[in-house]
Protein chains: 2
Amino acid sequence: MTDQTMTPAEQRTEAAAAASAALDHDLAETEIAEVVKNAQDAADFLKILSHEGRLMILCHLVDGEKSVAELEKLLAVRQPTVSQMLARLRLEGVVETRRDGKAIYYSLADDRARQLIEIIYDMFCRTDK
Amino acid sequence: MTDQTMTPAEQRTEAAAAASAALDHDLAETEIAEVVKNAQDAADFLKILSHEGRLMILCHLVDGEKSVAELEKLLAVRQPTVSQMLARLRLEGVVETRRDGKAIYYSLADDRARQLIEIIYDMFCRTDK
DNA sequence: TTTATATATATGATTTTTGGAATATAAGCG
DNA sequence: CGCTTATATTCCAAAAATCATATATATAAA
């Protein structure tokens with residue numbers, strides 16, 4: 001279908017044009033770029049949740065803040081592993097921290113995450129019983 | 001916190017026991033295993049969605065079935081790439097196919113996916129405007 | 001200030017995921 | 001039958017994610 005002699009950039013441009021044509025109201029390049037960006041953002045966000053350990057952490061945080069030590073026990077994994085998962089969640093802005101003495105308490109900082117987690121919890125932890 | 005002289009298996013057992021204790025109603029090993037399994041299932045499912053291309057495909061399929069060629073144009077990627085993404089979705093049971101002559105039409109086959117996709121679409125493609 | 005506890009980070013090995021290129025199959029057409 | 005179009009699959013290299021181990025930092029307590 002697509003001419004194999006074109007460069008990848010040319011092919012993408014052509015394909016994008018084809019996509020525009022397909023959506024009869026003729027999207028501009030910038031609009032296509034925005035759709036792609038939305039998809040990227042959404043996919044990146046889902047990637048954060050698509051990990052057993054991180055997902056369990058987030059599920060627990062729905063019930064309220066937890067210290068690293070508490071999460072370590074709840075998940076049955078070692079401390080550096082919990083901290084690594086928390087670091088990722090922190091960098092992505094999904095959780096935030098509060099210090100109390102030696103302990104650091106983590107809580108949810110993103111409503112999208114809270115919403116999705118609750119839905120996923122219902123889907124996978126209630127329905128299937 | 002956890003004794004570094006134990007084997008990983010021992011540590012996991014101990015940590016699991018600690019987790020049980022933490023949840024005052026004393027979960028059995030099998031119950032813990034089930035929670036972990038739920039988390040794994042959910043994470044695996046989210047992994048399928050957490051990919052820009054697959055996500056875009058699923059978004060388009062929410063509007064109704066599409067042939068491979070249509071998706072190729074909508075996504076602006078090459079045919080083998082579309083087929084690879086579709087193969088993954090097919091193997092995971094998220095989409096199903098119907099043949100019509102030379103064309104193969106794909107459609108959503110999983111209500112969980114449909115539900116999540118719609119929510120994600122609202123979150124990332126409507127809200128932020 | 002030394003020591004213990006709670007948490008974080010760095011490093012590196014291993015595994016998974018990804019995406020391109022080539023090739024294969026399957027259906028329709030002349 | 002050969003030819004074309006639509007789709008699928010295989011193979012492989014590169015990139016990314018994961019995980020364990022070791023080490024660092026920060027707070028508190030003695």
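Chain naming here is simple, since letters A, B, ... match the order of the sequence lines and numbering starts at 1 in each. Basis for what follows: all heavy atoms, side chains included, without hydrogens, waters or symmetry-related copies. None of these values were measured; they are calculated from a predicted model.
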Between A:Gln40 and B:Glu52, is the side chain to side chain donor-acceptor pair (under 3.5 Å) condition met? List the steps. CA-CA 5 Å; A:Gln40 262 174 11; B:Glu52 183 196 323; 3.2 Å; yes
Start with the C-alpha distance between A:Phe45 and A:Leu116, add both sets of side-chain angles, then the distance that settles side-chain contact (heavy atoms from CB on, under 4.5 Å), and finish with yes or no. CA-CA 11 Å; A:Phe45 186 74; A:Leu116 279 180; 3.6 Å; yes
Intermediate values then yes/no, side-chain contact (heavy atoms from CB on, under 4.5 Å), A:Arg98 and A:Ser107: CA-CA 8 Å; A:Arg98 173 180 78 82; A:Ser107 54; over 6 Å; no
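Between the side chains of B:Arg90 and B:Tyr106, at least one donor-acceptor pair of N or O atoms lies under 3.5 Å.
Across all strands, A:Tyr105 comes closer than 4.0 Å to no nucleic acid atom at all (heavy-atom distances).
Picking from C:dT7, D:dA6, C:dA6 the nucleotide with the shortest atom distance to the side chain of A:Lys102 gives C:dA6. The side chain of A:Arg99 lies closest to D:dT27 when the candidates are D:dT7, D:dT27, C:dT7.
For DNA chain C, the residues of residues 80-91 of chain A within the heavy-atom distance limit of 4.0 Å (strictly under) are A:Pro80, A:Ser83, A:Gln84, A:Arg90, sorted by number.
The CG-C1' distance, from A:Leu46 to D:dA17, rounds to 16 Å in whole Å. Distance B:Glu92 CD to C:dT16 C1': 13 Å, rounded to the nearest Å. Spacing between atom CG of B:Leu75 and atom P of C:dT18 amounts to 15 Å, rounded to whole angstrom units. Spacing between atom CG of A:Asp100 and atom P of C:dT5 amounts to 18 Å, rounded to whole angstrom units. One can place NZ of B:Lys66 at 18 Å from P of D:dA6, the figure rounded to the nearest angstrom. Atom CD1 of A:Ile48 and atom P of D:dA16 are 16 Å apart (whole Å). The distance from atom CG of A:Leu49 to atom P of D:dT18 is 12 Å, rounded to the nearest whole Å. Regarding B:Leu55, its CG atom lies at a distance of 17 Å from the P atom of C:dT17, rounded to whole Å.
Minimum heavy-atom separation, B:Lys66 to B:Glu70: CA-OE1, 3.2 Å.
Close to D:dC19, at under 4.0 Å from its OP1 or OP2, lies a side-chain N or O of A:His51. A sub-4.0 Å separation between OP1 or OP2 of C:dA21 and a side-chain N or O of B:Arg78 is present. In terms of phosphate contacts, A:Tyr106 brings a side-chain nitrogen or oxygen within less than 4.0 Å of OP1 or OP2 of C:dA8.
Side-chain atoms of B:Gln79 and base atoms of D:dA8 include a donor and an acceptor less than 3.5 Å apart.
A:Asp110 has no carboxylate O lying under 4.0 Å from a charged side-chain N of A:Arg114, or vice versa, which leaves the two without a salt bridge. At a threshold of 4.0 Å, the pair B:Glu72-B:Arg78 does not count as salt-bridged, since none of the basic side-chain nitrogens sits closer than that to a carboxylate oxygen.
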